[in-house]
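Encoded as structure tokens, the structure appears first; notes follow it.
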Amino acid sequence: ILEEIKVEPDEEHRFDKFDLTEIQRSYLLGRNQGYDMGGISTHGYYEYEVEYDIERFERALNKVIKNQDNLRLVMTDDRKQRILKDVSYYKINRIDGRNFTKEQLSHAVFNPEVWPLFEFQCIQISDKKSLLFFGIDLMITDASSIQMLKNMLKYYYEHENEEPKKMQFSFRDFMIGMKRIKQTDQ
């Protein structure tokens with residue numbers, strides 16, 4: 001008989017450390033230069049030509065950061081992770097295109113213990129257009145979450161006066177629930 005496992009939001013412990021997923025442990029291990037083919041990270045890199053007001057986009061980005069716990073995740077030195085309760089306002093780096101190479105961004109390796117584990121940078125290429133570069137450490141996200149991030153950024157850019165609803169259920173809550181399920185399987 002399967003036991004019903006209920007997972008409730010745990011706001012009191014939302015910012016406590018919690019276990020890494022198996023894939024996160026693998027990604028972290030792959031950064032170790034002591035292994036053959038080690039010393040690399042899993043890194044998503046995207047670039048877009050946009051006609052955005054970058055300051056407005058930056059405000060939308062900060063709404064999403066405040067709302068999405070995974071954008072405030074860091075790894076800890078004891079191979080755990082935690083959601084940071086508060087982070088500083090994220091400023092998009094404006095790049096001087098005269099000395100710029102894409103390799104600076106497309107091959108970034110983030111320190112997993114230091115926020116943020118992503119970066120946005122832009123180059124103004126005309127009065128209306130910018131090149132927007134987005135890099136993210138895949139330790140904190142997956143492909144469907146990146147798509148959700150893009151959708152949320154677009155939404156809050158277009159609906160500047162709206163505030164995101166607070167997420168009740170956190171990634172930590174999910175991981176605690178998964179741990180309970182694994183314990184009942186044993």
Side-chain angles (χ1 to χ4, degrees), residues 1-32 41-46 56-92 109-120 134-186:
I1 298 175
L2 290 176
E3 175 185 333
E4 183 177 320
I5 297 174
K6 273 193 142 179
V7 180
E8 299 289 333
D10 184 1
E11 191 61 34
E12 181 181 344
H13 298 281
R14 186 179 201 113
F15 305 107
D16 293 354
K17 293 179 186 179
F18 59 102
D19 292 335
L20 299 173
T21 66
E22 291 176 21
I23 194 77
Q24 286 175 312
R25 285 194 301 271
S26 298
Y27 288 166
L28 197 55
L29 193 60
R31 292 169 187 260
N32 188 326
S41 73
T42 52
H43 180 253
Y45 172 74
Y46 308 87
R56 183 174 176 177
F57 183 81
E58 188 175 88
R59 289 190 299 273
L61 172 60
N62 278 280
K63 285 181 183 183
V64 175
I65 290 168
K66 185 176 180 183
N67 183 257
Q68 294 296 312
D69 288 348
N70 279 29
L71 294 178
R72 298 187 321 278
L73 266 179
V74 293
M75 307 306 124
T76 61
D77 60 1
D78 58 351
R79 299 203 187 285
K80 301 257 186 202
Q81 61 188 322
R82 67 185 184 96
I83 300 163
L84 300 176
K85 183 175 182 177
D86 297 302
V87 295
S88 59
Y89 187 86
Y90 185 84
K91 297 283 290 172
I92 295 174
V109 177
F110 298 98
N111 179 343
E113 295 177 16
V114 177
W115 184 84
L117 295 177
F118 60 87
E119 65 183 338
F120 282 85
F134 168 48
I136 190 163
D137 195 314
L138 297 178
M139 293 256 309
I140 64 168
T141 193
D142 59 19
S144 62
S145 297
I146 290 172
Q147 189 57 50
M148 283 177 43
L149 168 63
K150 290 184 211 176
N151 292 342
M152 289 180 76
L153 286 168
K154 184 177 187 294
Y155 181 83
Y156 289 110
Y157 180 84
E158 293 172 352
H159 300 90
E160 188 174 19
N161 294 323
E162 287 194 38
E163 291 295 324
K165 292 181 181 142
K166 186 175 191 284
M167 303 288 284
Q168 297 299 314
F169 198 78
S170 73
F171 183 55
R172 182 184 182 280
D173 296 329
F174 170 79
M175 290 299 295
I176 298 298
M178 291 302 295
K179 187 174 185 178
R180 287 185 192 150
I181 289 170
K182 285 181 181 179
Q183 287 170 344
T184 61
D185 288 347
Q186 295 176 1

Is E58 close to F120 at the side-chain level, that is, under 4.5 Å between some pair of heavy atoms? no
Tell me, do L71 and T141 make a side-chain contact under 4.5 Å, heavy atoms counted? no
In terms of heavy-atom contacts, M152 and N67 come closest through CE-OD1, 3.5 Å
Is it true that a side-chain atom of K80 and a backbone atom of D16 form a donor plus acceptor pair closer than 3.5 Å? no
Derivation of the side-chain contact (heavy atoms from CB on, under 4.5 Å) call for I176 and D10: CA-CA 10 Å; I176 298 298; D10 184 1; over 6 Å; no
K179 atom NZ, neighbour heavy-atom count above 12 within 6.0 Å: no
Taking the side chain as C-beta and beyond, is there a heavy-atom pair between M75 and R31 under 4.5 Å? no
Just say parallel, tilted or perpendicular for the rings of W115 and Y90, cut-offs at 30° and 60°. perpendicular
Among V87, L149, N70, L84, which residue meets the side-chain contact (heavy atoms from CB on, under 4.5 Å) test with I65? V87
Can you check whether V114 reaches V74 side chain to side chain, under 4.5 Å on heavy atoms? no
Please check this pair: side chain of K63 against backbone of E162, looking for a donor-acceptor N/O pair closer than 3.5 Å. yes
Check whether more than 12 heavy atoms from other residues, nucleotides or ligands sit under 6.0 Å from atom NZ of K85, and answer yes or no. no
State the CD-CG distance between Q24 and L138, to the nearest 0.5 angstrom. 11.0 Å
Is it the case that over 12 heavy atoms from other parts of the model lie below 6.0 angstrom from the CD atom of E158? yes
Considering all heavy atoms, the nearest N111-L117 contact: O-CD2, 3.1 Å
For the side-chain contact (heavy atoms from CB on, under 4.5 Å) test, which of Q68, R72, K17 pairs with I83? R72
Tell me the closest heavy-atom pair linking D19 and Q81, and the distance in Å. O-NE2, 2.8 Å
With a 3.5 Å cut-off and no angle check, do the side chains of N151 and Q147 form a donor-acceptor pair? yes
Working to the nearest 0.5 angstrom, can you tell me the gap between F134 CZ and Y46 OH? 6.5 Å
For the pair I23 and Y27, evaluate side-chain contact (heavy atoms from CB on, under 4.5 Å) and give the outcome as yes or no after the intermediate values. CA-CA 6 Å; I23 194 77; Y27 288 166; 3.5 Å; yes
Between H43 and F110, how do the two ring planes meet: parallel, tilted or perpendicular, split at 30° and 60°? tilted
If the test is side chain to side chain donor-acceptor pair (under 3.5 Å), which one of R172, R82, R14 qualifies with D69? R14
So which heavy atom on P9 is nearest to which on Q168, and how close? CB-O, 3.3 Å
Do R59's NZ or CZ and the ring of Y156 fall within the cation-pi criteria of under 6.0 Å and 45°? no
Parallel under 30°, tilted from 30 to 60°, perpendicular over 60°: which one fits the rings of Y155 and H159? parallel
V64 vs N62 side-chain heavy atoms within contact, under 4.5 Å: no
Check: T76 and E113 side chains under 4.5 Å, non-hydrogen atoms: no
Hey, what do you get for CZ (R25) to CZ (R79), rounding to the nearest 0.5 Å? 10.5 Å
Taking the inter-plane angle between the rings of F171 and F18 on a 0 to 90° scale, is it parallel (under 30°), tilted (30 to 60°) or perpendicular (over 60°)? perpendicular
Can you see which heavy atom on G177 is nearest to which on V7, and at what distance? CA-CG2, 3.4 Å
